[in-house]
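Here is the naming used below: chain letters follow the sequence lines, and residue numbers restart at 1 for every chain.
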Amino acid sequence: MSGKCDALVEIRDLRVDFGTPARPLPAVDGIDLSIGAGEIVALVGESGSGKSVTALALMGLVDVPARVAAQRIAFAGRDLLQMRAAERRALAGRGIAMIFQDPHASLDPCYTVGNQLDEALRFHGNAQERASKTVRRERSLALLGEVEIADAAARLRSYPHQLSGGMAQRVMIAIALAGRPRLLIADEPTTALDVTVQAQVLALLMRVRDERAMAILLITHDLAVVAETADRAVVMYAGQVMETGTVPALFDAPRHPYTRALLDASPGHGAARERLRTIPGVVPGAAHRPPGCLLAPRCAFAAERCTAERPAMRRIAGQASVRCHFALTAE
Amino acid sequence: MNAGPPLLEARELARHYRFPGGPLKRRDAVRALDGVSFTLREGRTLAVVGESGCGKSTLARQVTMIETPTSGTLLLDGRDVAHADAALRRKLRPQVQMVFQNPYASLNPRRTVGALLEEPLVIQRRGSAAQRREAALAMLARVGLRPEHYARYPHMFSGGQRQRIAVARALMLNPRLVVADEPIAALDVSTQAQVLNLLADLQQQLRVAYLFIAHDLQVVRLIADDVMVMYLGKAVEQGPADAIFGDPRHPYTQALLASTPSLARRRANARAIPRGEAASLTAALAGCAFRSRCPRAIARCAVEAPPVVTIGAVRVACIRASEPA
């Protein structure tokens with residue numbers, strides 16, 4: 001997946017502010033993000049790091065009172081910020097689809113699976129699908145087959161409450177695929193599922209990516225999920241990107257102390273019954289960001305410079321960048 | 001390994017729920033917990049692992065004496081909890097305390113941390129007001145909080161700090177057993193580690209035993225002495241943690257381990273993921289409940305209930321457990 005310079009998504013200097021203009025509360029504080037065609041990019045971070053808000057800003061779904069500003073938010077080579085709302089919806093509404101953590105909250109309990117697939121195809125299908133209900137039904141059956149739902153014809157008549165969690169998330173994926181998106185944003189898609197079902201859904205997402213050459217922006221807090229599924233990871237902390245890199249490299253030799261600390265704090269890194277290394281303190285809220293490096297108060301390596309001066313993002317090698325005055329070197 | 005007398009002992013413990021009467025009257029009950037046996041010794045940790053609907057929270061409700069088991073025995077310090085009268089239960093309950101998954105829901109937002117910590121002592125009529133205050137302040141220090149936190153309200157704390165408060169509250173009565181139901185599942189990675197380490201430290205200092213309910217095997221590996229893997233109300237495999245993780249014998253345990261995402265595994269490795277999801281608990285199945293999802297199922301699995309086989313220190317409920325994998 002690497003080596004492609006034609007980015008499908010290119011975000012430069014995105015800011016999302018909550019609060020008032022006089023007292024802005026930055027949820028996203030100047031992040032760059034690019035996603036190549038067919039690439040799986042993981043946005044990783046703890047609660048409040050700004051990963052979901054970043055995705056919503058890309059979708060154009062951040063509501064007032066929050067303010068979105070960016071140098072550029074481009075999808076398929078065109079700047080979404082320069083477009084009128086209808087034009088943006090036609091391009092990004094069809095080209096980008098999104099699934100969420102709790103599929104039962106995303107599906108409408110009053111309508112059958114068939115109704116909801118039909119609706120997605122009526123808006124985002126191709127010309128034939130929009131014109132004919134019969135074509136839409138055929139396509140609905142094919143989509144359910146694609147997400148490995150057995151007995152698709154019967155499932156079209158099911159209501160969401162009749163589906164298990166894993167089945168409901170498969171239906172959400174089928175609906176998301178209706179418009180043949182080039183990017184699927186998956187916001188914690190398996191967090192609410194049991195482990196065996198999580199493994200099934202992740203395998204499904206990877207298979208669909210391979211077959212359709214569709215890119216996936218995977219938002220998650222689970223580093224192990226990233227290690228197993230993503231091509232590249234973007235580590236966020238308190239609204240900023242701390243480190244990006246390809247997945248094997250980032251996990252084998254993290255350059256940012258935060259990435260390193262997150263890995264050390266993850267169960268499953270060390271041996272059984274071993275004490276975990278912890279990160280002291282908590283993620284600072286938007287109103288309490290330190291002036292220097294955002295991590296400085298919690299960083300084991302922090303020096304004087306870190307509390308005074310906020311480090312800039314630096315490219316270190318190939319696709320790897322890090323925001324740290326004293327980036328760790330590979331051991 | 002088996003030092004000390006058993007603190008908690010369950011034999012063929014079962015809890016079935018009946019459907020209420022009415023037009024949808026059905027004869028069969030939900031067999032949420034269906035004949036589970038285990039022993040937990042003082043100062044040790046037994047992890048109960050399984051997916052939704054496996055009965056782990058039902059087990060917690062029996063052990064904490066919130067409910068009465070349908071059948072089987074449950075002994076705390078050799079005394080029968082299941083058939084205890086009200087007076088004995090009142091005496092036993094302070095010895096078993098609970099920590100819940102979501103510290104945003106388990107702490108009363110209208111009470112200060114001090115009041116929350118002292119409440120168990122007030123209910124049990126222990127100490128004077130001054131003594132209770134002193135005990136609460138000492139417990140705050142033990143869980144890594146400061147004296148000034150005493151007068152604050154839960155909303156002023158982060159998730160990890162709230163879980164510390166919940167742990168502190170559970171320990172106020174000096175229980176011998178704490179039932180922790182997914183205590184770190186709602187926390188961020190960096191705070192998960194803090195709370196896990198805290199639980200380990202407290203166990204060392206206080207010799208408290210944990211019945212640790214979790215779905216995350218990576219977490220269980222860090223904290224458990226013994227593991228019991230449950231599926232649809234039954235224990236499918238149980239034994240020392242090292243044995244279960246090192247050489248899992250039941251296909252469901254193997255499936256759980258294969259499905260758990262790991263930092264060490266790269267995606268190139270294909271893995272054996274079980275198909276489907278757990279079936280309903282109402283259908284009284286003949287044979288093995290896991291067979292429809294099991295990669296090793298044979299015809300006999302549909303007919304015979306799997307016998308419990310002992311292999312070394314591990315007990316496995318699988319017809320094929322003693323065959324080479």
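- For the atom pair A:Leu193 CG and B:His215 NE2, the distance stands at 10.0 Å (nearest 0.5 Å).
- Contact of A:Arg298 with chain B is made through the side chain alone, with heavy-atom distances under 4.5 Å.
- With a 4.5 Å cut-off on non-hydrogen atoms, B:Ser158 touches chain A through its side chain but not through its backbone.
- Chain A forms more heavy-atom pairs under 4.5 Å with one residue of B:Gly50, B:Ala193, B:Ala241 than with any other, namely B:Ala193.
- Here the closest heavy-atom approach between residue B:Asn197 and residue A:Leu276 is recorded as ND2-O, 2.7 Å.
- Using a distance-only test at 3.5 Å, with no hydrogens or angles considered, no donor-acceptor pair links the side chain of B:Glu277 to the main chain of A:Ser164.
- No more than 12 heavy atoms of other residues, nucleotides or ligands sit less than 6.0 Å from atom CZ of A:Arg277.
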- Decide yes or no on side-chain contact (heavy atoms from CB on, under 4.5 Å) for B:Asp201 and A:Arg275, but give the supporting numbers first. CA-CA 10 Å; B:Asp201 290 343; A:Arg275 214 177 156 72; 2.9 Å; yes
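- Taking each heavy atom of B:Val189 and A:Ser266 in turn, the nearest pair found is CG1-OG, 3.7 Å.
- Among A:Ala265, A:Pro280, A:Ala150, the residue making the largest number of heavy-atom pairs under 4.5 Å with chain B is A:Ala265.
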- Task: Test side chain to side chain donor-acceptor pair (under 3.5 Å) on A:Thr196 and B:Glu51 and set out the steps.
- Result: CA-CA 8 Å; A:Thr196 57; B:Glu51 300 181 282; 2.7 Å; yes
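- In this structure, chain B has heavy atoms under 4.5 Å from both the backbone and the side chain of A:Val225.
- Using a 4.5 Å cut-off between non-hydrogen atoms, the part of residues 42-53 of chain A that approaches chain B consists of A:Glu46, A:Ser47.
- Contacts of residues 141-149 of chain B with chain A at a heavy-atom distance below 4.5 Å are absent; not one residue qualifies.
- Two residues are said to be in side-chain contact when any heavy atoms from C-beta on lie closer than 4.5 Å; A:Gln198 and B:Ser259 fail this criterion.
- Using a 4.5 Å heavy-atom cutoff, the side chains of A:Glu228 and B:Ser262 are in contact.
- Looking at B:Gln194, the atoms closer than 4.5 Å to chain A (heavy atoms on both sides) sit in the backbone and in the side chain alike.
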